[in-house]
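First comes the structure, then the notes that go with it.
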Amino acid sequence: MVMLTRNANKKIIFAKTLKMMSYSLKTRLICLSFYTCLLFTACTHNKKVDVSNIPVNVKIERFDNDFDLLRTKPLTPHIAALQKKYGVFYTDFVERIIKIGGTADTNYYKNLHDVFAGKAYTDLKHDVDAVYKNTDKQDAELTDAFRRIKYYFPQKRLPKVYAYISGFQAQTSIGDGYFAIGLDLFLGADSRFYPSLIETFPLYISRRFTPGNITPRVVEGIAREDMFPEDDKNTTLLSKMIYNGKIMYFMDQVLPDVPDSTKIGYTNQQIKWCADYKSNIWRFFLEENLLYESDYQKIQKYLTEAPFTPGLGQDNESAPKLAIWTGWQIVKQYMEKHPNITLPQLMAETDAQKILNEAKYRPKDDE
């Protein structure tokens, strides 16, 4: 999957791997204070906290529908209306996502006309509208997730959420004050479009292009690209393990009803495989002296998307991203042993060795 992000220097970054997800930038939706909530966060690691009274409500704004009106409305005034309503996102969309150039470009109007001219667009819009007659379910899920973010991080300014059609270019994108969702890459695993895109999106990736993956990918994107971007100094496998483990633990707290398999992007069989062989997995990392390895070529297969982990398991039954899964287990055990540490304190901790040492991670397959 390609995810678009806009960093602090206003550069668009293309990420070619589906790191579980999608990614993002900054947000400006509601800025309310719930400092008193912090008094109660320390001992809620394993409890589903009540966030119903936190006044955050998410409504996905259907940019795809507003953009579609360009087919029938006078272009110049409607483009101006879109620019006013969506701000920088409109510019990012036309220049960075569908890549038809800016409004000042000579061929802009022709390129815009070409987007709508073909049957490919009308077929894709038809299927998006069929799956997403409304986004009520996603609105409710995101509202709950954003309220939980506010519960743990009261000062966090949350993004507006937009929906678009990218022509299979970007599943999610993040920019100044927004997080946007490419609905054409959440049509369901059985969408008629995905088989023809198998070279770009293999089956082990496209099986996750479902409506149920929208909220987890938004939350993960906000976590990875906005709230807790990875430090460039994280070069060892251990540091990357713990960083990713913290992201997964953050998702646990923000998405308490989402299955672990959805959060990490595993099948149920892969979750079971990891549980069945967790001591073997850990022993493998130790015996191969991988924890402090910083050569990315040697450690990337334990961090990136794949159908399985080469060299482990029989008949390609192993799960991928084993360093991420293992880091998740280490962080969970660390937090179980430190019930007074809050989620913000965990996310601010940068000492991966400390977390490993104090977790006392000694997995047994029969646990």
Side-chain angles (χ1 to χ4, degrees), residues 3-13 15 18-35 37-38 41-42 44-45 49 51 54 56 58 88-89 141-162 171-181 213-234 239-256 258 263-265 324 327-328 331-332 334-335 341-352 355:
M3 174 173 187
L4 285 175
T5 70
R6 182 181 285 274
N7 68 11
N9 296 319
K10 307 301 183 193
K11 297 178 181 178
I12 291 291
I13 301 169
L18 189 83
K19 282 182 177 172
M20 282 162 358
M21 337 145 119
S22 296
Y23 310 125
S24 0
L25 224 180
K26 296 225 181 338
T27 166
R28 312 272 186 279
L29 188 55
I30 298 176
C31 188
L32 297 169
S33 297
F34 288 93
Y35 297 105
C37 292
L38 294 178
T41 59
T44 58
H45 302 328
V49 298
V51 295
I54 296 178
V56 171
V58 178
V88 69
F89 173 69
E141 292 172 348
L142 286 169
T143 292
D144 186 78
F146 279 27
R147 285 176 178 177
R148 293 179 189 282
I149 292 174
K150 267 292 187 182
Y151 175 87
Y152 292 107
F153 299 89
Q155 293 180 297
K156 175 61 188 162
R157 299 176 69 187
L158 298 169
K160 292 182 178 180
V161 183
Y162 303 141
Q171 190 180 47
T172 60
S173 61
I174 189 166
D176 189 7
Y178 73 79
F179 194 103
I181 304 159
N213 268 279
I214 286 180
T215 298
R217 301 293 70 83
V218 171
V219 169
E220 185 176 17
I222 290 172
R224 290 183 179 279
E225 299 301 320
D226 181 11
M227 296 180 70
F228 316 109
E230 186 173 15
D231 194 318
D232 291 339
K233 295 178 181 178
N234 284 359
S239 64
K240 291 181 177 296
M241 269 185 180
I242 300 304
Y243 167 76
N244 283 283
K246 292 194 300 180
I247 295 294
M248 297 306 300
Y249 188 84
F250 172 88
M251 294 177 71
D252 286 338
Q253 308 310 303
V254 175
L255 302 168
V258 173
K263 281 179 283 196
I264 195 170
I324 293 174
W328 191 8
V331 171
K332 284 195 285 189
Y334 171 78
M335 292 300 280
I341 291 180
T342 65
L343 182 60
Q345 288 171 338
L346 169 69
M347 301 310 292
E349 178 58 71
T350 59
D351 191 338
I355 291 176

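Residue numbers count from 1 along this sequence.
- Every residue two or more places apart in sequence or in another chain was checked for a side-chain contact (heavy atoms from CB on, under 4.5 Å) with Pro229, and none qualifies.
- By the side-chain hydrogen bond (donor to acceptor under 3.5 Å, both in side chains) test, Thr143 pairs with no residue at all, sequence neighbours left out.
- Counting heavy atoms from C-beta on, the side chains of Asp226 and Lys156 come closer than 4.5 Å.
- Here the closest non-hydrogen pair linking Glu220 and Ile247 is CG-CG2, 4.4 Å.
- Residues that satisfy the side-chain contact (heavy atoms from CB on, under 4.5 Å) test with Asp232, not counting sequence neighbours, are absent from this structure.
- Separation of atoms OG1 (Thr350) and CG (Asp231) is listed at 8.0 Å; rounding is to 0.5 Å.
- Taking the side-chain hydrogen bond (donor to acceptor under 3.5 Å, both in side chains) definition, one finds that Asn234 meets it with nothing, sequence neighbours left out.
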| task | Decide side chain to side chain contact (heavy atoms under 4.5 Å, CB included) for Glu141 and Ile214; before the verdict, give the C-alpha distance in whole Å, the side-chain angles of both, and the deciding distance to 0.1 Å. | result | CA-CA 9 Å; Glu141 292 172 348; Ile214 286 180; 5.7 Å; no

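- For Phe179 and Phe146, the gap between ring centers reaches or exceeds 6.0 Å.
- Listed for the Arg224 side chain is no donor-acceptor partner under 3.5 Å among the backbone atoms of Val219.
- Using bins of under 30°, 30° to 60° and over 60° for the plane-to-plane angle, the ring pair Tyr178/Phe89 lands in the perpendicular bin.
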| What do the steps show when you test Met251 against Val258 for side chain to side chain contact (heavy atoms under 4.5 Å, CB included), and what is the final call? | CA-CA 9 Å; Met251 294 177 71; Val258 173; over 6 Å; no

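- Heavy atoms only, all atoms of each residue included: Val49 and Tyr151 are closest at CG1-OH, 3.8 Å.
- Between Tyr334 and Ile355, the shortest heavy-atom distance links the atoms CD1-O, 3.7 Å.
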| task | Start with the C-alpha distance between Leu142 and Val161, add both sets of side-chain angles, then the distance that settles side chain to side chain contact (heavy atoms under 4.5 Å, CB included), and finish with yes or no. | result | CA-CA 9 Å; Leu142 286 169; Val161 183; 4.3 Å; yes

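- Residues satisfying the salt bridge (Lys or Arg N to Asp or Glu O under 4.0 Å) criterion with Arg147, sequence neighbours excluded, are absent altogether.
- Pairing each heavy atom of Asn244 with each of Lys240, the nearest pair is ND2-O, 2.7 Å.
- Taking CD1 of Ile324 as the reference point, atom CD1 of Ile242 lies at 12.0 Å (rounded to 0.5 Å).
- Every residue two or more places apart in sequence or in another chain was checked for a salt bridge (Lys or Arg N to Asp or Glu O under 4.0 Å) with Lys332, and none qualifies.
- Taking each heavy atom of Gln253 and Pro256 in turn, the nearest pair found is O-CD, 3.8 Å.
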| request: Run the numbers on Met347 and Tyr152 for side chain to side chain contact (heavy atoms under 4.5 Å, CB included), then give the verdict. | output: CA-CA 11 Å; Met347 301 310 292; Tyr152 292 107; over 6 Å; no

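- Of all heavy-atom pairs spanning Lys263 and Leu255, the tightest one is NZ-O, 4.0 Å.
- Between Glu349 and Lys246 there is no salt bridge, since no side-chain nitrogen of the basic residue lies less than 4.0 Å from a carboxylate oxygen of the acidic one.
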